[in-house]
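Below is one structure; the comments refer to it alone.
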Amino acid sequence: MDSNEATTSESVSKKKGKTKKVKRKVKHDEAPVQEMEQAEGEETEKKSESGPCFPPTFSVSEIKNKQRRHSMFLKLKEEKRKAPPKEVPKTIENQRIYDETTVNPEDEEVAFDEGTDEFSAYFNRLTNPKVLITTSDRPRGRTVRFCEQLATVIPHAHVYYRRGLALKRVIPQCVSRGFTYLMVINEDRKVPNGLVLCHLPDGPTAHFKVSNVRLRKEMKRRGKDPTEHVPEVILNNFTTRLGHSIGRMFAALFPHDPQFVGRQVATFHNQRDFIFFRFHRYIFKNEKKVGIQELGPRFTLKLRSLQKGTFDSKFGEYEWVHKRHEMDSSRRKFHL
Amino acid sequence: MQHDDVIWDLIGNKSFCSYKVKTKTQQFCRNEYNITGLCNRSSCPLANSQYATVREEKGLCYLYMKVIERAAFPARMWEKVKLDRNYAKALEQIDENLIYWPRFIRHKCKQRLTKITQYLIRIRKLTLKRQRKLVPLSRKVERREKRREEKALIAAQLENAIEKELLDRLKQGTYGDIYNFPIHAFDKAMEKQEEDTESEEEEEEDEEESGTREFVAEDEFEESDLSDFEGSSDEEEDDEEVSSEEEETEEELEEEKTKAKSKGKAPLKGPIRKKRAYVEIEYEQETEPAQKSKAT
């Protein structure tokens with residue numbers, strides 16, 4: 001009977017939480033007490049599993065009950081033995097400051113804007129792209145070759161020599177001849193360093209800085225020359241509104257229906273405000289592997305300004321201008 | 001009075017003059033009022049008391065004449081006459097003002113006027129054309145941009161991104177029937193179908209479980225427990241035990257059968273069955289095979 005009383009008293013004290021004088025009594029009444037404890041241990045485990053409601057200064061060694069302390073310790077050890085969850089490394093893309101103009105795919109306003117902007121004619125299949133490529137005055141060999149290679153990459157592209165013409169006079173002529181895009185490659189010290197891309201029937205004008213131009217003969221392990229097939233287009237990472245409009249601008253350079261027979265793909269990949277252009281030929285080895293071979297020229301672009309309307313540097317209305325002091329101050333802030 | 005010769009001796013050939021610029025073949029005069037720009041006895045504005053020039057200021061030409069009487073006041077020494085914009089009229093004006101002056105000065109003034117008008121015309125023409133704007137580059141900024149570009153290129157992992165995009169397009173089926181790799185897609189479709197059927201069957205089982213009656217079998221009681229009861233109950237228990245054993249064996253067979261049937265389809269049925277502690281009593285009827293698969 002004493003043992004019974006002891007067990008009842010122990011059970012009561014255990015149910016309250018922390019116990020005090022349990023050790024000796026536990027040794028005496030092991031069998032029934034064990035069962036009780038196991039049952040209660042399960043309850044406590046369940047309670048602990050339901051929610052870690054321990055006070056913050058709790059440690060396993062503070063539990064007076066040896067059995068329970070032992071079980072808690074074993075649990076802790078097992079958790080530690082399991083591999084800690086792999087930490088996600090911080091990258092600049094992870095830490096990027098959230099841009100409030102990031103486009104939500106279901107955004108109606110964006111969809112409406114895109115339905116009515118200057119590229120809507122292209123995306124509604126009303127016009128076919130026709131590109132005029134030219135340079136600044138007196139281009140040197142490298143720029144000329146770059147223009148030629150661009151013309152092979154972009155279908156329906158024509159290269160014209162500049163001859164000192166003013167762009168403002170060139171534009172109405174282009175419009176009258178049915179061009180949809182005007183591309184001017186600026187040259188400095190025998191190397192192309194700028195690109196002005198102007199969508200013609202009064203479309204936006206984008207001015208880019210061009211760098212790291214690699215012509216076809218400088219490519220390692222390149223394939224044969226690109227064929228006349230219409231390539232596919234890949235646009236990666238154009239998230240914000242500005243990025244979206246630039247992406248559409250690039251997309252409208254190419255005709256609508258790519259010829260998959262040609263197996264060529266042109267990629268515009270945006271990473272940290274740098275747009276990398278690549279031109280590949282791909283081949284599917286099986287359904288899980290694809291091989292790509294780089295063909296055409298490669299270059300990187302960085303957007304300097306986006307102007308509404310055709311090229312007019314003095315009186316144009318600029319949608320976006322890269323301001324170095326404001327925009328380059330943070331390493332985690334990107335605009336495209 | 002000004003002694004021109006003396007002045008020329010002092011500053012002229014092979015002497016020092018602060019406006020003089022000496023080169024190998026020639027000497028130039030940097031004086032702003034000099035008409036020809038060379039250092040000569042006839043061109044030196046300091047060593048000639050009768051001197052005139054044509055100078056241009058903001059697109060307008062002026063005829064400057066030296067008034068030697070005011071040599072003591074150098075600031076007021078030069079008289080300025082505005083010339084007409086019309087070239088011919090300007091020439092006449094020069095002739096008018098420099099009448100009775102030495103031929104040399106008159107001729108040189110007209111020559112200078114001609115040159116000035118020519119270059120002014122050229123300026124006006126060039127401003128109408130496009131002009132090359134030189135934008136200064138900051139070396140620090142350029143270096144920074146270059147470095148960032150390199151890092152962005154590494155972070156972009158272009159080949160992987162392109163390959164991934166192409167494979168996604170293949171899976172989505174934008175390429176249509178060009179590529180004959182339908183197996184993977186077919187397998188996926190099959191799996192999807194299986195999952196759908198499994199979920200349906202699970203739902204059916206749950207519904208039926210709630211409806212069916214659960215009978216607790218008497219088999220689970222051990223004989224030792226039953227030893228307390230004596231008498232007529234023994235026989236009944238024996239019969240029940242025997243019958244229940246038979247039913248058990250039947251059920252085991254049925255379980256195996258259904259397991260064999262449902263090998264490929266519903267692996268989930270097994271664990272669900274094992275969790276049940278009770279056994280359902282079934283009747284031996286030949287029409288049951290369809291029911292059995294559902295009930296179990």
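None of these values were measured; they are calculated from a predicted model. All chains are named by letter (A, B, ...) in the order of the sequence lines, taking the proteins before the strands, and each is independently numbered beginning at 1.
The line from CZ of A/Phe334 to CG of A/Leu242 is 14.0 Å long, rounded to the nearest 0.5 Å. B/Tyr119 contributes atom OH, which lies 11.0 Å from atom CZ of B/Arg124 (distance to the nearest 0.5 angstrom). To the nearest 0.5 Å, atom CZ of residue B/Arg144 and atom CZ of residue B/Arg147 are 13.5 Å apart.
Taking chain B as the reference chain and counting heavy-atom pairs below 4.5 Å, the highest number among A/Val233, A/Leu167, A/Val261 is found for A/Val233. Among the candidates B/Ala161, B/Ala156, B/Ser138, the residue making the largest number of heavy-atom pairs closer than 4.5 Å to chain A is B/Ala156. By number of non-hydrogen pairs under 4.5 angstrom with chain B, the leading residue of A/Val265, A/Asn212, A/Thr91 is A/Asn212. The greatest number of non-hydrogen atom pairs below 4.5 Å with chain B, out of A/Arg324, A/Arg331, A/His280, is found for A/Arg324. If you tally non-hydrogen atom pairs under 4.5 Å between each of A/Asp273, A/Asn237, A/Thr300, A/Asp188 and chain B, the highest count goes to A/Thr300. Between chain A and the options B/Glu165, B/Arg169, B/Glu149, the largest number of non-hydrogen pairs under 4.5 Å is found for B/Glu149.
For A/Leu165, the part lying under 4.5 angstrom from a heavy atom of chain B is the backbone only. Proximity to chain B involves both the backbone and the side chain of A/Asp328, based on heavy atoms less than 4.5 angstrom apart. For B/Glu150, no part lies near chain A; criterion is any non-hydrogen pair under 4.5 Å. When heavy atoms are compared at a cutoff of 4.5 Å, A/Arg263 approaches chain B solely by way of its side chain, counted from C-beta outward. Heavy atoms of B/Lys146 lying under 4.5 Å from chain A are absent altogether. Proximity to chain A is limited to the side chain of B/Leu158, based on heavy atoms less than 4.5 angstrom apart. Using a 4.5 Å cut-off between heavy atoms, A/Lys302 contacts chain B through its side chain alone, with no backbone atom that close.
Judged purely by distance below 3.5 Å, without hydrogens or angles, the side chains of A/Thr227 and A/His229 pair a donor atom with an acceptor atom. Residues A/Gln271 and A/Glu93 have side chains that bring a donor and an acceptor to within less than 3.5 angstrom of each other.
Relative ring orientation between A/Phe260 and B/Tyr175 is described as perpendicular, the plane-to-plane angle rising above 60° on a 0-90° scale split at 30° and 60°. Ring orientation note: the planes of A/Phe146 and A/Phe299 are nearly perpendicular, at an angle over 60° on the 30°/60° scale. Ring planes of A/Phe284 and A/Tyr282: perpendicular class, angle over 60° (limits at 30 and 60°).
Closest non-hydrogen pair, A/Lys190 versus A/Arg142, comes out as O-CB, 3.6 Å.
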